[in-house]
Each structure stands twice: as C-alpha cells, then as structure tokens.
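The block underneath contains the structure these notes are about, expressed in structure tokens.
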Amino acid sequence: MSSPRARLVADTAIALLADRGMRGLTHRAVDEAAGLPPGSASNLARTRAALLELALARLTELEEGRFTGVDAPPGLSRGALAARLAGVLRLQLTAGRAHTLARYELALEATRRPELRAVYDAAGRRFRDAARALMAAAGSPDPAAHAHGLVALAEGLMFDAIAGAGPEPSPERLRAAVAAYLAGVLPPEGPHR
C-alpha cells in the first residue's frame, strides 16, 4: 500500500466486507469505522469500484504474507509439506478468517463487475503461480494441473468451514486432507526424503 491512510481505508473496507457484506461497504461507513473525517475514503478511492480494488489489493498483500516461506526445499518430506500447507489453511480460518470472508465477498462481486474481475484474476494468478512452483519443487509430474487441484482443495476446505454446513476442520483434519491430496498426485517418496 502506498500510504498509511490507504492501508487504513483498505483495512477498514476489508473489515466491513467481512462484518457487513458487500451492502455494508460504503465510503461513509469506511470513514465512520476508521474514525476519519467525512469524505476521506472517497478522496482516496473516488468510486465504489476504486474502493473495492483498493480493498482487494490490500487483501492480496496480506494473504501473500501468510504464504511466505511455504515452499518445498529439497529433502522436505511430504508430511512436512502437508503440515506447512495445513498451517496456512488453519491460519486463514482463524486469525485470517475475516480476510477470507472479505475475499469471498469480493469474489462474488467480481462475477458482476468486469473491472474487478480483471483485478481479482490477476491477484489469483499470483497465488496459482506460487502453487505451481511449489508443486514442481515437490516433484509433481504435472505442476500446473496439480497446483490447480491443490488450490481447489484449499478453497473447498476453507469455503466449507466458513460458509458450509460442516464444522471448522481441526489442524489434524486439514493436514490429513492435504497429505491425501499430495499422496495422490506426487510420485512415491524415495529413501532420500
């Protein structure tokens, strides 16, 4: 983010999206919730589309921070990789729950706003590219397809936990789900792992 004020407006917009949904996000609501003078949010993001894009840019920045350090260095066991990935998912469902909710709100809105769709898709590519690199480093014979599957698994687990009828998965259940996926797509582990 370019400035502390931009971060404050974006963080407040994210919190409002998580708490009140898309209808609860207005420039006025951001000003009030952030304790800013009236008109501050609209001075920074003139239109609703600009406010949504600002929130999405900040959300991408925050979520990328959670994935930093999730890689598959040589010698990392499949179990350790599953535990790392499950830890990130758990974080998205606990400390990052509001961010995950806000992202789902933005994803749905992007289906109706082509300008937001372009920004949302560009942000999503960054995560998919990282997943592709992770799967390649883990020895996947088809990193693009397996990254797509890994992202779909992660999104399904998170969506079910947040918006589904199921209970929030335990860390063990998350690890087991990721481990089962990895076991299904990666070659057998050799003695070097």
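Sequential numbering from 1 along the given sequence is applied to the chain's residues.
Nearest approach of A110 to Y120, heavy atoms of both residues: CB-CB, 4.1 Å. For the pair L17 and A102, the tightest heavy-atom approach, listed with the atom from each and the gap, is CB-CB, 3.9 Å. Residues Y104 and F159 approach most closely at OH-N, 3.2 Å, considering heavy atoms. When every heavy atom of P171 is checked against every heavy atom of A86, the shortest pair comes out as O-CB, 4.5 Å. When all heavy atoms of L81 and A138 are compared, the closest pair comes out as CD2-CB, 3.8 Å. Residue A161 comes nearest to L93 through the heavy atom pair CB-CD2, 3.7 Å, listed as atom of the first residue, atom of the second, then distance.
Remark: the S42 side chain and the H27 side chain contain no N/O donor-acceptor pair separated by less than 3.5 Å.
Other residues, nucleotides and ligands contribute only 12 or fewer heavy atoms inside 6.0 Å of the CZ atom of R28. Heavy atoms of other residues, nucleotides or ligands lying less than 6.0 angstrom from CZ of R113 number more than 12. The local environment of CZ in R23 is sparse, with at most 12 non-hydrogen atoms from other residues, nucleotides or ligands closer than 6.0 Å. Atom CZ of R175 has 12 or fewer heavy atoms from other residues, nucleotides or ligands within 6.0 Å. A 6.0 Å sphere centred on CZ of R128 holds no more than 12 heavy atoms belonging to other residues, nucleotides or ligands.
Between the CG atom of L89 and the CG atom of L153 there is a distance of 7.5 Å, given to the nearest 0.5 Å. Considering CG of L59 and CD of E105, their distance stands at 11.5 Å, rounded to 0.5 Å. I14 contributes atom CD1, which lies 8.5 Å from atom CG of L56 (distance to the nearest 0.5 angstrom). In this structure, CG on L101 lies 9.5 Å from CG on D19, to the nearest 0.5 angstrom. To the nearest 0.5 Å, atom CG of residue L150 and atom CE of residue M135 are 6.0 Å apart. Interatomic distance, CZ of R103 versus CD of Q92, reported as 6.5 Å (0.5 Å rounding).
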Next item on the list: For V88 and R84, run side chain to side chain contact (heavy atoms under 4.5 Å, CB included): C-alpha distance rounded to whole Å, both residues' side-chain angles, the deciding distance at 0.1 Å, then the answer.
Entry: CA-CA 7 Å; V88 171; R84 284 183 181 189; over 6 Å; no
Next item on the list: Check the pair V9 / R58 against side chain to side chain contact (heavy atoms under 4.5 Å, CB included), numbers first and verdict last.
Entry: CA-CA 10 Å; V9 168; R58 177 67 172 152; over 6 Å; no
Note to self: Could you go through R126 and D129, starting from their C-alpha distance and side-chain angles, then the distance that decides it, and tell me whether this counts as salt bridge (charged side-chain N to carboxylate O under 4.0 Å, His left out)?
What the structure shows: CA-CA 5 Å; R126 290 161 56 178; D129 289 347; over 6 Å; no
Next item on the list: Dump the intermediate steps for side chain to side chain contact (heavy atoms under 4.5 Å, CB included) on T94 and E168, then the final yes or no.
Entry: CA-CA 10 Å; T94 55; E168 185 174 302; 3.8 Å; yes
Note to self: Is there a side chain to side chain contact (heavy atoms under 4.5 Å, CB included) between R20 and L25? Walk through the geometry before answering.
What the structure shows: CA-CA 7 Å; R20 300 180 189 174; L25 178 64; over 6 Å; no
Notebook entry, point to check: Between D121 and R125, is a salt bridge (charged side-chain N to carboxylate O under 4.0 Å, His left out) present by the stated rule, with each step listed?
Noted result: CA-CA 6 Å; D121 289 349; R125 270 191 299 281; 5.3 Å; no
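By the salt bridge (charged side-chain N to carboxylate O under 4.0 Å, His left out) test, D142 pairs with no residue at all, sequence neighbours left out.
Annotation: side chain of L134 is in contact with side chain of L85 (closest heavy-atom distance under 4.5 Å). T60 places none of its side-chain heavy atoms less than 4.5 Å from the side chain of V119.
L106 and V151 fall into different hydrophobic clusters, defined by Ile, Leu, Val, Met, Phe, Trp and Tyr side-chain heavy atoms under 4.5 Å apart, directly or through other members.
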